[in-house]
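Take a look at the structure set out below.
Chain A is the first sequence line, chain B the second, and so forth, proteins listed ahead of strands; every chain is numbered from 1.
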Amino acid sequence: MKLSAPSAPTPPAELDKRFDPRSYEPAWQRRWAESGIFRAEAPSRRPPFCIVIPPPNVTGKLHVGHALQTALQDLLTRWRRMQGRNPLFLPGTDHAGISTQLMVERQLASEGTSRREVGRERFLERTWEWKTQYHGSIRRQLDLLGASCDWSRERFTLDAGLSAAVREGFVRLYREGLISRGEYLVNWSPALDTAVSDLEVEMKSVAGKLYHIAYPVEGETERVVVATTRPETMLGDTAVAFHPDDERYRHLLGKAAVLPILGRRLPFIADPAVDREFGTGMVKITPFHDPFDFELARRHGLPGVSVIDHAGRMTAEAGPEYAGLDRFAAREKVVERLRAEGLLAAVEDHVHNVGHSQRSGEPIEPLVSTQWFCDVSGMAERALAAYREGRLRLVPDTWGKTWENWLSTIRPWCISRQLWWGHQIPAWYDAEGRCWVAKSAAEAAALAGTDRLTQDPDVLDTWFSAALWPFSTLGWPEDTADMRTFYPTSALITGHDIVFFWVARMVMFGLHFTGEVPFAVVHLTGLVRDAAGVKMSKMRGNTLDPADLIDEYGADALRFTLSSLDSPGRDVPLNPDQIAGYRAFGNKIWNAARFALARVGEAEVQADVDPRGLAVPERWILSRLSRVAAEIEPRLEAFRFDEACNRLYHFFWGDLCDWYIELAKVALSGEAPRPRAGEVLLTVLDRSLRLLHPVMPFLTEELWQRLPGHQAIHPQTICLAPYPGREESWESAEVEAGMEILMQVVTRVRGLRAELGLPPKARLDLFLDPEAPAGAEGTAAPMSQPTLPAGSFLAEQEPLIRFLCRVESTTFGPAPPGARRDLVAGVEVAVVAGSDGLGEKERERLAREIDRLAGEIARAEERLADAQFLAKAPAAVVAGGRARLAELRERRERLRAGLGST
RNA sequence: AGGCCCGUAGCUCAGCUGGUUAGAGCGCUACGUUGACAUCGUAGAGGUCAGCGGUUCAAGUCCGCUCGGGCCUACCA
């Protein structure tokens with residue numbers, strides 16, 4: 001495990017002034033991979049941490065949604081690695097049955113052929129070629145992102161091991177009676193020519209028609225009117241139903257209607273499921289082409305008639321007039337005929353929901369077909385219990401209700417698909433049509449007593465293998481070291497769009513096959529949208545390709561952007577401007593390091609720093625660093641990547657760059673040396689880079705390798721350096737409070753200069769009067785220690801103030817008349833600038849500010865006069881209010897003085 | 001039909017267990033090439049926190065309703 005030298009020509013060489021992620025990102029990914037530091041150990045003494053990747057489809061390239069999840073998964077993995085755990089980020093891909101098959105079929109079509117023409121074997125060869133190609137591009141993209149995957153453990157849902165796991169799972173469920181084959185009403189996609197599961201049906205609101213059709217009553221002159229949106233299905237009617245309490249129709253019980261066109265006898269049925277309010281309250285029953293009717297027919301033992309076939313065409317049963325017609329053409333023809341016969345009572349516009357095939361888009365055709373089903377009701381109950389008992393945590397927890405709702409109303413899962421690309425169902429049929437389920441043809445032959453068997457041609461739903469993923473990838477059903485070391489896995493991060501497709505099924509299968517929830521916690525991310533919040537889609541042309549974004553902004557900037565946008569329960573609007581903003585942050589970090597490397601002389605990174613004997617700026621930045629470090633880990637634990645990122649960003653840019661590095665300039669230039677300033681700067685930089693590394697792995701490694709003395713932290717790589725935490729001994733409320741006042745004073749002086757319209761170089765004399773009048777203590781930044789009053793603190797730091805404000809002189813004490821003055825943090829800040837008095841604009845501004853203050857003072861006074869408030873509010877709040885009022889009044893006085901003085 | 005989420009500055013979003021001065025980034029304005037950084041600096045403008053009602057000494061924050069937007073689940077023909 002050796003890491004070669006960094007890419008810099010000579011070690012702590014000067015940094016290029018140009019910040020260019022492309023110059024180091026690919027090089028580091030290569031170096032890390034070569035050094036083997038991402039390989040997990042099994043067994044290991046270190047505590048495990050495991051994330052299995054939600055396997056991308058080998059259909060195509062990764063999109064930004066993948067980039068988001070990968071960024072977060074890798075963030076956690078790298079963080080845990082730095083904490084000394086034994087992390088496994090397990091990569092892999094999914095064969096994605098329907099999608100991939102469609103892609104290859106499209107390819108064949110463009111060559112003027114089809115899958116039927118080339119045959120199953122050749123088709124599968126072609127699909128494997130496809131897989132190889134796209135797998136390569138997925139791998140490249142994960143590398144570009146900096147994913148610290150253990151590629152030695154990579155899996156594919158159709159590889160030998162996973163295929164064995166799938167057969168094992170199927171056979172077990174079959175033998176337990178949870179998988180069975182039967183003829184049921186299923187969701188049929190005519191375009192895909194396969195059955196699909198309920199989840200693959202997308203309900204769309206469609207503006208259609210509601211046809212009112214008169215059915216004669218047998219042997220009577222009476223007619224009943226039924227309402228339907230699909231008149232063509234009437235050819236498959238076998239009954240007519242109404243609500244048992246519906247007086248309008250009760251007399252019809254025991255009688256029958258006559259189906260127009262075909263003349264079939266349709267008994268009247270009373271069933272409470274019928275809605276009396278809808279249409280006429282009389283409903284035609286088509287058991288084989290409507291789920292509602294199918295259920296009702298089962299309850300009443302009614303037969304069914306199939307009038308629509310797998311291609312969506314009318315069957316012979318529909319009658320010679322319609323056989324062979326497409327269902328929609330048949331609809332027109334049926335309506336025409338009814339109208340001609342005077343049986344069309346009415347046609348009205350009707351908006352209703354129609355199931356569409358998620359993959360191919362056409363309306364789903366409910367029809368009866370022989371398929372394999374998995375009874376998941378028991379598993380669903382256990383998945384529910386796991387959630388309720390806290391063995392499974394959903395983040396954010398708002399998903400709990402959805403979880404409960406879906407699992408408690410779950411129905412059998414149709415797991416067979418009439419496709420070729422996938423796991424062929426391990427069931428064989430003998431000459432008599434008997435079915436033998438086994439893990440192999442040989443085993444089936446042994447069971448059947450003959451090898452004259454034919455395997456079921458269908459394949460399993462892609463999600464069946466996906467449901468086994470967290471343990472099949474670790475070697476299940478074998479008792480492997482990986483399984484013992486890493487299962488159950490630590491966390492799952494995936495998009496909320498597949499919570500049912502995938503997450504729920506993994507939990508169900510995990511509990512069933514391993515007895516454990518496959519992951520302790522699931523973080524459901526939002527969907528990535530474009531800058532305007534619109535869902536990305538190829539059709540809209542608003543997709544962003546991660547590879548392009550990485551090329552333009554660098555992987556670190558993309559990772560930081562995505563991580564900081566992942567706030568709970570929200571979608572992720574990705575705006576390239578924002579990525580550019582975080583690339584600028586990278587540049588900022590780069591230049592901070594460049595400054596340090598150029599100025600620290602012989603200083604080196606220290607594993608620890610004793611704050612005793614350090615000057616205020618050094619003590620301050622160490623204190624700030626400790627506080628920020630303390631805030632990061634709890635946020636990562638809670639999947640609040642957004643908060644962690646924001647804190648790091650503001651610490652680095654705000655505290656470190658804006659203030660500390662400015663303060664360090666005087667010390668490092670030799671103008672006013674301070675003890676160990678260089679050492680502190682390097683140490684703060686080292687720890688900041690380590691804190692940032694899980695989010696921005698490349699930049700932090702590139703810079704960290706150049707920090708003199710970084711070997712004291714880790715000899716090889718920042719990837720394995722310890723993740724910094726809190727350093728209590730570095731913290732000082734006193735120093736932070738003092739610095740807070742200093743910063744406010746400096747900011748106010750700069751403000752006064754700008755307000756007076758003075759050029760930066762214009763001479764300015766500063767007067768500070770910290771002997772704030774009574775009542776002005778307890779401001780926004782109260783001096784917590786009486787040992788360090790504002791006055792002496794500011795006096796001690798006078799050279800820094802002079803430097804930061806660029807003033808000629810600082811005088812402690814009351815300002816002379818004519819000075820422009822203000823009050824901040826209990827300190828009067830006044831400047832005397834040459835001879836010019838206040839300009840008209842400035843007078844107006846001041847007057848407005850004084851007005852605004854008057855309003856605030858009035859409100860504060862009113863509140864403090866309220867007996868209820870005084871009695872009920874906590875003492876601290878009341879005291880704070882009083883102090884604030886005093887400060888407001890005092891500030892108004894100063895401003896008035898400044899205004900009147902001209 | 002049921003459930004969930006959202007409506008805060010021009011844009012995209014933070015805002016933890018309610019505390020009075022609501023933040024960030026981008027954009028905008030003015031000034032600025034002071035040797036880390038113009039992928040920058042300094043200062044600034046900009047919000048009746050969708051609306052109404054309630055709880056409370058105190059509401060962006062809690063509760064109810066309304067309006068607007070999005071998502072998910074669902075066998076009303």
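Backbone-only engagement by A:R750 is indicated by non-hydrogen atom pairs under 4.0 Å involving sugar-phosphate atoms exclusively. Within the nucleic acid shown, A:K17 comes within 4.0 Å of sugar-phosphate atoms alone, with no base atom in reach, counting heavy atoms only. Using a 4.0 Å heavy-atom distance criterion, A:E202 is classed as making no nucleic acid contact. At a threshold of 4.0 angstrom between heavy atoms, the contacts of A:P874 include nucleobase atoms, whether or not backbone atoms are also involved. Within 4.0 Å of A:V274, counting heavy atoms only, lies at least one base atom of the nucleic acid. Among the heavy atoms of the strands, none lies under 4.0 Å from A:N575. Looking at heavy-atom distances under 4.0 Å, A:S567 makes contact with sugar-phosphate atoms alone, never a base.
Along RNA chain B, the nucleotide nearest to A:N587 and the one nearest to A:H352 differ in position, and the one closer to the 5' end is contacted by A:N587. Residue order along RNA chain B, read from the 5' end via each residue's closest nucleotide, puts A:G581 first among A:G581 and A:W653.
Judged by the 6.0 Å distance and 45° axis criteria, A:R22 is not positioned over the aromatic ring of A:Y24.
For the pair A:R806 CZ and B:G32 C1', the interatomic distance rounds to 11 Å; values are reported in whole Å. For the pair A:R570 CZ and B:G70 C1', the computed distance is 11 Å after rounding to whole Å. One interatomic measurement links the two molecules: CG of A:L199 to P of B:U73, which rounds to 7 Å at whole-angstrom precision. When rounded to the nearest whole Å, the span between CZ of A:F242 and C1' of B:C76 equals 18 Å. In this entry the distance linking CH2 of A:W399 with P of B:C72 reads 9 Å, nearest Å. Taking atom CE of residue A:M536 and atom P of nucleotide B:G70, one finds them 18 Å apart after rounding to whole Å. With rounding to whole Å, A:E404 atom CD is found 14 Å from B:C4 atom C1'. When the C1' atom of B:U73 is taken as reference, atom CG of A:L407 falls 12 Å away, rounded to whole Å.
Partner assigned to B:A9 is none, using Watson-Crick or G-U wobble distances below 3.5 angstrom. Using the Watson-Crick or G-U wobble rule with both distances under 3.5 Å, B:A1 pairs with B:U73. The pairing partner recorded for B:A59 is none, the criterion being a Watson-Crick or G-U wobble arrangement whose two distances lie under 3.5 angstrom. Of all nucleotides present, only B:C28 satisfies the Watson-Crick or G-U wobble test against B:G44, with each distance under 3.5 Å. Base pairing of B:A50 is made with B:U66, judged by Watson-Crick or G-U wobble geometry with both donor-acceptor distances under 3.5 Å.
Nearest to the side-chain atoms of A:H496 among the listed nucleotides B:C71, B:U39, B:U73 stands B:C71. Between B:A77, B:A14, B:G19, one nucleotide has an atom nearer to the side chain of A:T228 than all others, and that is B:A77. Distance from the side chain of A:N591 is smallest for B:C37 among the nucleotides B:C37, B:A24, B:G44. Listed nucleotides B:G25, B:C57, B:A43 differ in distance to A:T747; the shortest reach to its side chain belongs to B:A43. Nearest to the side-chain atoms of A:F292 among the listed nucleotides B:U34, B:A77, B:G3 stands B:A77. The side chain of A:W406 lies closest to B:A74 when the candidates are B:A74, B:C75, B:G44. Here the nucleotide nearest the side chain of A:R640, chosen from B:G15, B:C4, B:A43, is B:G15. Comparing B:C72, B:A77, B:A14 by their nearest atom to the side chain of A:F500 picks out B:C72. With B:C57, B:C72, B:U21 as the candidates, the nucleotide lying closest to the side chain of A:R859 is B:U21. Closest approach to the A:D866 side chain among B:G15, B:A24, B:C57 is made by B:C57 (side chain taken as heavy atoms from C-beta onward).
A salt bridge links A:K665 to A:E662: at least one charged side-chain nitrogen sits closer than 4.0 Å to a carboxylate oxygen. Checked for salt-bridge contact, A:R891 and A:E849 meet the test: a charged N lies under 4.0 Å from a carboxylate O.
The P atoms of B:U66 and B:G3 are separated by 13 Å, rounded to the nearest whole Å. B:G69 and B:U29 have their C1' atoms separated by 33 Å, with the value rounded to a whole Å. B:U42 sits 12 Å from B:U34 when the C1' atoms are compared, rounded to a whole Å. Taking atom C1' in both B:A9 and B:C5, the straight-line distance is 23 Å, to the nearest Å. Taking the C1' atom of each, B:U55 and B:A74 are spaced 37 Å apart, rounded to whole Å. The same atom, P, is picked in B:C57 and in B:G15; the two are 28 Å apart, to the nearest Å. B:A1 and B:U8 have their P atoms separated by 27 Å, given to the nearest Å. B:C65 and B:C26 have their C1' atoms separated by 37 Å, with the value rounded to a whole Å.
One donor-acceptor pair, N or O on each side, does fall under 3.5 Å between the base of B:C37 and the side chain of A:K588. Looking at A:R884, its side chain comes within 3.5 Å of the base of B:U21 through a donor and an acceptor atom. With hydrogens and angles ignored, a donor-acceptor pair closer than 3.5 Å exists between the side chain of A:N353 and the base of B:A74.
Between the side chains of A:D642 and A:N646, not a single donor N or O lies within less than 3.5 Å of an accepting N or O. Looking at A:T747 and A:Q744, their side chains never bring a donor and an acceptor atom within 3.5 Å of each other. Checking A:T286 against A:D237 by side-chain atom types alone, a donor-acceptor pair falls below 3.5 Å.
In this structure, the ring of A:H650 has its center no less than 6.0 angstrom from the ring center of A:F585. Between A:Y649 and A:Y582, the gap from one ring centroid to the other is short of 6.0 Å.
From A:I285, atom CD1 reaches atom CG of A:L296 across 4.5 Å, with rounding to the nearest 0.5 Å.
In this model, the phosphate group of B:C37 is approached by a side-chain N or O of A:R594 to a distance below 4.0 Å at OP1 or OP2.
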